[in-house]
Amino acid sequence: FGGGGAGESSATAVADKLGGLYNDLLQSDFDSDAFESFGSGMLNLYPDEVVDGQLESMGYDSREDFSETLGQNYGYGMSYYSDALSYMTIEIDVTLGDKLDGSRLYNVNTYLEQYGLEATDGYLLEATLTGTLTEDYNGFSAGEQQSQETSTGMAAIEIDGRWYLYEGVY
């Protein structure tokens with residue numbers, strides 16, 4: 001099926017690529033092509049073994065079908081911002097949060113063992129969303145900014161010296 005990616009050289013590289021995927025989606029029309037592109041980018045951040053295993057176990061006919069579904073699952077929530085994008089820009093900065101503690105790393109490895117993988121390190125991925133008004137709106141002036149920090153529910157994990165995306169860590 002074509003698998004995931006070869007991994008990144010650092011946890012920060014995973015965070016930067018994920019942030020880029022979200023920002024690209026925010027610049028899109030939130031259509032099926034945009035969701036497929038977002039999902040494909042996410043799949044490229046996963047280990048090959050995980051992507052191949054998920055394709056088989058979830059019954060997808062192709063990587064493209066899996067990419068579009070993944071993109072819709074994660075990206076659809078971003079379409080909530082489409083109306084706001086008519087009067088503001090939104091940027092997402094994904095950064096490293098706390099190092100995964102022993103219990104979180106254990107939970108990650110419990111999942112990964114079915115693919116013959118083991119993570120030796122990891123960091124939560126946090127996001128800062130910054131909205132900047134491009135015009136006066138509702139009593140606020142163009143150029144005003146507001147930021148909000150949030151968890152992505154994802155982590156950057158290290159497997160055999162390479163870094164990958166892992167979802168479902170809070």
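Closest approach of Arg63 and Leu43 over heavy atoms only: NH2-CB, 3.6 Å. Scanning both residues, Leu45 and Val14, for their nearest heavy atoms gives CD1-O, 4.3 Å. Scanning all heavy atoms of the two residues, the minimum distance from Tyr74 to Glu167 falls at OH-OE1, 2.5 Å. Between Leu96 and Thr12, the shortest heavy-atom distance links the atoms CD1-OG1, 3.6 Å. Here the closest heavy-atom approach between residue Ser62 and residue Leu55 is recorded as O-CD2, 3.6 Å. Among all heavy-atom pairs drawn from Leu70 and Tyr46, the shortest one is CD2-CE1, 3.9 Å.
For residues 135-147, every residue pair satisfying the side-chain hydrogen bond (donor to acceptor under 3.5 Å, both in side chains) rule, not counting sequence neighbours, is listed here: Thr130-Ser147, Thr132-Gln145.
Considering only heavy atoms from C-beta on, Leu25 stays 4.5 Å or farther from Leu21 through its side chain. Leu124 is listed as a side-chain neighbour of Glu126, based on a closest heavy-atom distance under 4.5 Å.
Note on ring orientation: taking the six-membered ring where Trp is involved, the planes of Phe35 and Phe30 are tilted (angle from 30° to 60°).
Residues forming a side chain to side chain donor-acceptor pair (under 3.5 Å) with Asp101 (at least two apart in sequence, or on another chain): Ser103.
Within a 6.0 Å radius of CG in Asp160, no more than 12 heavy atoms belonging to other residues, nucleotides or ligands are found. At most 12 heavy atoms of other shown residues, nucleotides or ligands fall within 6.0 angstrom of atom OH in Tyr106.
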For residues 151-159, please give each side-chain donor-acceptor pair under 3.5 Å, one per line with the distance, not counting sequence neighbours.
residue : atom : partner : partner atom : Å
Ser151  : OG   : Gly153  : N            : 3.1
Thr152  : OG1  : Leu125  : O            : 2.7
Thr152  : OG1  : Met154  : N            : 3.0

